[in-house]
Amino acid sequence: MKIVVLVKQVPDTTNVKIDPKTGTMIREGVPSIVNPYDKHALEEALRLKEERFGGEVVVISMGPPQAIRALEECRAMGADKCYLLSDRRFAGADTLATAYSLGKAVEKVAPDFDLILCGQQAIDGDTGHVGPQLAEYLSIPQVTYVRSLTVEKGRAIAEREIEGGYMEVEVPIPALFTVTKNLNKPRYPTVKGIFEATAEEYPVLTADDVGAEQERIGLKGSPTRVKKIFAPEIKPRGVMIDGDVEEQVEQLIKILSNLNLV
Ligand SMILES: Cc1cc2nc3c(=O)[nH]c(=O)nc-3n(C[C@H](O)[C@H](O)[C@H](O)COP(=O)(O)OP(=O)(O)OC[C@H]3O[C@@H](n4cnc5c(N)ncnc54)[C@H](O)[C@@H]3O)c2cc1C
């Protein structure tokens, strides 16, 4: 069985700040990590390979050259092949152009795939678009928000999370699944795996390598435009005042005096 896993390198969002002037993310000094949901996708692919079907787990990531670090982590976890899709011409891609570019990479390096696994969303962009858009591009069935996956010959049965419960969906494979954190517990890479993974070279594919049409990639191929981006203003927490009316008035005056409002 050939399983493709899509992995995005993202900034560790607990530290992310937005530059109020340019509206762009301040990336300096912010560590990058593998998108957490994608680790669950990779874990599931490895589990299906090791426990049921054998075969190959192929990881593809699109991003700048430093996204190689994400591939190293995936390789150290046990992925068989890892590819980076990287080209200046991909810059400015919205989710549609990203999904198209990743689709071209899948057609190039793993056209005979049985499953594609993605995270339910990237923790920076947060749209959850890329998986479904890629399934549309490849004209294959998709199941989103998967919390359990059983694969049989020619078909897969997935439980997808919905509000207050779950829905069981059966699809023929090849198919694409986006996964939640309830699916499994990702393994830690072994020390040996980390050493081997960092010593390896990973193929870097350009737009020409995957035969991507110039009109469909990067800013040029993106029908959406970000008009404004800003961090919401953080307001101080409210204070509850207890007691009878006189006590409450007393406390209120104290609070307002501290704020220099009376
Ligand atoms: C107009 C516009 C311009 C943009 N310009 C830029 C830019 O210049 N530079 C930039 O970095 N971003 C840019 N972005 C953001 C970029 O489009 C998104 O980061 C990207 O399309 C993925 O969307 P997302 O983060 O919402 O992922 P989601 O759709 O939430 O991700 C779902 C899953 O898809 C897979 N996935 C998503 N992205 C990738 C990837 N790159 N590689 C492998 N797997 C992936 C992962 O499995 C992930 O869990 C731009 C967006 C817009 C709308």
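As the structure lists them, so they are numbered: ligands from 1, and atoms in each ligand from 1.
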note = Quick note on ligand 1: atoms under 4.0 Å from a heavy atom of Arg225 include exactly 1 (C)
query = Which residue holds the protein heavy atom closest to atom 23 (O) of ligand 1, what is that atom called, and what is the gap in Å?
reply = Thr95 CG2, 3.5 Å
inquiry  = Quick test: of every protein heavy atom, which one is nearest to atom 9 (N) of ligand 1, and how far off is it to 0.1 Å?
reply    = Gly92 N, 4.3 Å
ask   = Hey, is CD on Glu136 packed in by over 12 heavy atoms from elsewhere, all under 6.0 Å?
value = no
message = Which residue and atom name correspond to the protein heavy atom nearest atom 26 (O) of ligand 1, and how close is it?
response = Thr127 OG1, 2.6 Å
key: For atom 47 (O) of ligand 1, the protein heavy atom that lies nearest, with its residue and separation   = Leu6 O, 2.8 Å
task = State the atoms of ligand 1, each with its element, that fall below the 4.0 Å cut-off from a heavy-atom position in Ser61.
result = 42 (N), 43 (C)
query = Is it the side chain, the backbone, both or neither of Ile60 that has a heavy atom closer than 4.0 Å to ligand 1?
reply = backbone
query = Is Ser222 close to ligand 1, meaning an N/O of one under 3.5 Å from an N/O of the other?
reply = no
inquiry  = Polar contacts were defined as any N/O atom of the residue lying under 3.5 Å from an N/O atom of the ligand; does this apply to Gly128 and ligand 1?
reply    = yes
inquiry  = Within ligand 1, which atoms have a heavy atom of Gly125 less than 4.0 Å away?
reply    = 24 (P), 25 (O), 26 (O)
ask   = Can a salt bridge be assigned to the pair Arg187 and Glu43 using a cut-off of 4.0 Å between side-chain N and carboxylate O?
value = yes
inquiry  = Could you tell me, atom by atom, which parts of ligand 1 come under 4.0 Å of a heavy atom of Thr98?
reply    = 17 (O), 20 (C), 21 (O)
request  = Give yes or no for whether the N/O distance cutoff of 3.5 Å, strictly under, is met between Ala91 and ligand 1.
outcome  = no
query = Under 4.0 Å from ligand 1, counting heavy atoms only, is it the side chain of Asp38, its backbone, both or neither?
reply = side chain
query = Considering only protein heavy atoms, which is closest to atom 41 (N) of ligand 1, and at what distance to one decimal place?
reply = Met62 O, 2.9 Å
query = Rounded to the nearest 0.5 Å, what separation is found between the NE2 atom of His40 and the CZ atom of Arg47?
reply = 13.5 Å
key: Atom CZ of Arg69 with >12 non-hydrogen neighbours under 6.0 angstrom   = no
key: Close N or O approach (Ala93, ligand 1; < 3.5 Å)   = yes
ask   = Atoms of ligand 1 less than 4.0 Å from Val7 heavy atoms?
value = 42 (N), 43 (C), 44 (N)
query = Got the closest protein heavy atom to atom 31 (O) of ligand 1, with its distance?
reply = Ala122 N, 3.4 Å
task = Between Asp94 and ligand 1, find which residue part has any heavy-atom pair under 4.0 Å and reply side chain, backbone, both or neither.
result = both
message = Only heavy atoms of Thr224, strictly under 4.0 Å: list the atoms of ligand 1 that pass.
response = 1 (C), 53 (C)
task = Could you check atom 39 (C) of ligand 1 against the protein and tell me its nearest heavy-atom contact, residue, atom and distance included?
result = Lys8 CB, 3.7 Å
task = Select one of side chain, backbone, both or neither to describe which atoms of Asp126 lie under 4.0 Å from any atom of ligand 1, heavy atoms only.
result = backbone
request  = Answer yes or no for atom 3 (C) of ligand 1: protein heavy atom present at a distance under 4.0 Å?
outcome  = yes
message = Counting only heavy atoms closer than 4.0 Å, does ligand 1 sit against the backbone of Ala41, its side chain, both, or neither?
response = neither
query = Has Arg75 got its NZ or CZ under 6.0 Å from the middle of the six-membered ring of Tyr202, at an angle within 45 degrees of the ring axis?
reply = no
Residue from Glu44, Lys2, Met1 passing side chain to side chain contact (heavy atoms under 4.5 Å, CB included) with Leu115 = Met1
query = atom 36 (N) of ligand 1: which protein heavy atom is closest, and how many Å away?
reply = Val130 CG1, 3.9 Å
note = For His129, the atoms of ligand 1 under 4.0 Å from one of its heavy atoms are 29 (O)
Contact atoms of ligand 1, heavy-atom distance to Asn35 under 4.0 Å = 48 (C), 49 (O)
query = Any N or O on Gly63 sitting closer than 3.5 Å to an N or O of ligand 1?
reply = no
inquiry  = More than 12 heavy atoms of other residues, nucleotides or ligands under 6.0 Å from CD of Glu152: yes or no?
reply    = yes
key: Ser32/Gln66 under side chain to side chain donor-acceptor pair (under 3.5 Å): CA gap, chis, key distance, verdict   = CA-CA 9 Å; Ser32 291; Gln66 59 266 32; over 6 Å; no
